[in-house]
Protein chains: 2
Amino acid sequence: MHQPKHLQDAGLKSTLPRLKVLELLENVEDRHLTAEAIYRKLLEAGEEIGLATVYRALTQFEAAGLVTRHHFEGGQAVFELERGLHHDHIVCVHCGRVEEFYDKVIEKRQQSIAEKLGYTLRDHNMTLYGECHGPDCPGQKKKGPAAG
Amino acid sequence: MHQPKHLQDAGLKSTLPRLKVLELLENVEDRHLTAEAIYRKLLEAGEEIGLATVYRALTQFEAAGLVTRHHFEGGQAVFELERGLHHDHIVCVHCGRVEEFYDKVIEKRQQSIAEKLGYTLRDHNMTLYGECHGPDCPGQKKKGPAAG
DNA sequence: GTGCGAATGATAATCGTTCTCATTTGCAAT
DNA sequence: ATTGCAAATGAGAACGATTATCATTCGCAC
Ligand SMILES: [Mn+2]
Ligand SMILES: [Mn+2]
Ligand SMILES: [Zn+2]
Ligand SMILES: [Zn+2]
């Protein structure tokens, strides 16, 4: 339970819907959520909020640096609470599980590639897609004890 | 002027609209085009084709391995003719210019990161965003001879 | 408590892309 | 060259994600 007074510091008026979205992002287990998932979870928690407001709040949080938006495969953007530590992602193509990683060698190489090509690097998107081998992942063909 | 007989080889019936799209991709200067850009160019060239057909052709070409689809920033997907050589991209945030590159160190590192995290790597997306310094790029603040 | 500009939320609109379906095409067998 | 028919086309409707509109409500300084 953090105390999300961050809003005023970020130049945003502290309103109830915004606090609800921020609180959810701070306390939910899965860091990477679509706007609709956030909306649904708030409704399930008995909160009264509109989807448009969730989108607006997330966009404002992003502009304020409180939240990061990612575009993985599959239409919907996902949002995560910013923790100040840059990282990239690997996503399971079967179950959608997301892991984070940071690789200094890659980051440096990206920088020097940009320079070599005459660009000033401003940002990058690196997402790996693979098959996780978690027991709950539908990508794991379950070998029954007898051949079937 | 290539001879795009590739279609039958790829298991696709050789139809006029498909040939037109493929021919354009083979002969156009800019490798990376949106579906609408392709559609527009064909119309400008006097061809008669529908946007839905362009989308369909590109999707089929992608499934057949003739074309690759990328999702850079900004809504529209871009397509490019496959040349068999994997590469990644750097895109200018001002003028949209695209350069390609391939970095063996990064590719290897992606593989070992995936392994370390327990994934079997299947694909990846790496796009760098930066400011190019081309003379025509609107990101270049034109310094006039006198201070303004 | 009042007042007012900012925020909200229901809904319409937008944008890129895919789907529907009546018409046309490619092509193989006559 | 015809014919036949499944596959392809294209105009427009439909779709999913996100944003815009606008009447109502809220946050907050007085
Ligand atoms: Mn993350
Ligand atoms: Mn390319
Ligand atoms: Zn998985
Ligand atoms: Zn540029």
Side-chain angles (χ1 to χ4, degrees), chain A residues 4-24 32-64 66-80 96, chain B residues 4-24 32-64 66-80 96:
Chain A
K5 211 166 186 52
H6 315 302
L7 286 180
Q8 294 90 330
D9 310 349
L12 293 172
K13 194 187 289 190
S14 176
T15 70
L16 214 39
R18 300 215 268 234
L19 288 170
K20 294 301 183 188
V21 172
L22 189 53
E23 185 191 29
L24 187 147
H32 306 92
L33 295 173
T34 66
E36 258 202 71
I38 293 167
Y39 171 63
R40 234 178 319 103
K41 281 174 188 290
L42 287 174
L43 290 192
E44 283 164 14
E47 304 296 342
E48 202 159 298
I49 195 170
L51 179 56
T53 302
V54 172
Y55 271 107
R56 270 188 299 241
L58 290 169
T59 300
Q60 292 154 343
F61 292 176
E62 184 190 22
L66 296 177
V67 149
T68 307
R69 183 194 307 245
H70 304 291
H71 294 280
F72 299 156
E73 300 270 302
Q76 277 133 301
V78 310
F79 300 83
E80 74 172 307
Chain B
K5 210 166 187 53
H6 315 301
L7 286 180
Q8 295 90 331
D9 309 349
L12 293 171
K13 194 188 288 190
S14 176
T15 71
L16 215 39
R18 301 213 269 234
L19 288 169
K20 294 302 182 187
V21 171
L22 189 52
E23 185 190 29
L24 186 146
H32 307 91
L33 294 173
T34 66
E36 258 202 70
I38 294 167
Y39 171 62
R40 234 179 318 103
K41 281 176 188 290
L42 287 174
L43 289 192
E44 283 165 14
E47 303 297 342
E48 202 158 299
I49 195 171
L51 179 57
T53 302
V54 172
Y55 271 107
R56 269 188 300 239
L58 291 169
T59 300
Q60 291 155 343
F61 291 176
E62 184 190 22
L66 295 177
V67 149
T68 308
R69 183 193 307 244
H70 305 291
H71 294 280
F72 299 156
E73 300 270 301
Q76 277 131 303
V78 310
F79 300 83
E80 75 172 307

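Chain A is the first sequence line, chain B the second, and so forth, proteins listed ahead of strands; every chain is numbered from 1. All values derive from a computational prediction rather than experimental measurement.
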A:Leu58 pairs by side chain to side chain contact (heavy atoms under 4.5 Å, CB included) with which of A:Leu66, A:Leu33, A:Thr53, A:Ile38? A:Ile38
Output yes when at least one side-chain N/O atom of A:Thr15 is less than 4.0 Å from OP1 or OP2 of C:dT8, else no. yes
For A:Ala35, report the nucleic acid contact type (base, sugar-phosphate, nothing); a contact means any heavy atom under 4.0 Å. nothing
Can you tell me how far C1' of C:dG9 sits from NZ of A:Lys20, to the nearest Å? 17 Å
Length of the CZ-C1' vector between B:Arg18 and C:dT25, whole Å: 11 Å
Short side-chain N/O contact from A:Thr34 to OP1 or OP2 of D:dA17, under 4.0 Å: no
For atom CG of B:Leu58 and atom P of C:dT18, their distance in whole Å: 10 Å
Could you state the interatomic distance from NE2 (B:His70) to NE2 (B:His32), rounded to the nearest 0.5 Å? 5.0 Å
Is the shortest side-chain N/O distance from A:Tyr55 to OP1 or OP2 of D:dT18 below 4.0 Å? yes
From A:Glu48 CD over to A:Leu42 CG, what is the distance, rounded to the nearest 0.5 angstrom? 12.0 Å
In whole angstrom, give the distance that lies between atom CD of A:Glu73 and atom P of D:dA17. 15 Å
B:Ala77 side chain: which of D:dA17, D:dT9, C:dT17 is closest? C:dT17
Closest nucleotide of DNA chain D for B:Gln60 versus for A:Arg69: which of these residues is on the 5' side? B:Gln60
Which pairs, protein N/O on one side and nucleotides 10-15 of chain D N/O on the other, fall under 3.5 Å?
from, atom 1, to, atom 2, distance (Å)
D:dG10, OP1, B:Glu48, O, 3.2
D:dG10, OP2, B:Gly50, N, 3.2
D:dG10, OP2, B:Thr53, OG1, 2.7
D:dG10, N7, B:Arg56, NH2, 2.3
D:dG10, O6, B:Arg56, NH1, 3.2

Could you check whether any side-chain N or O of A:Arg69 sits under 3.5 Å from a backbone N or O of A:Ala77, counting only pairs where one atom can act as donor and the other as acceptor? no
Expressed as a whole number of angstroms, how long is the span from B:Gln8:CD to D:dA8:P? 13 Å
Taken to the nearest whole Å, NE2/A:His71 to C1'/C:dT17 is 17 Å
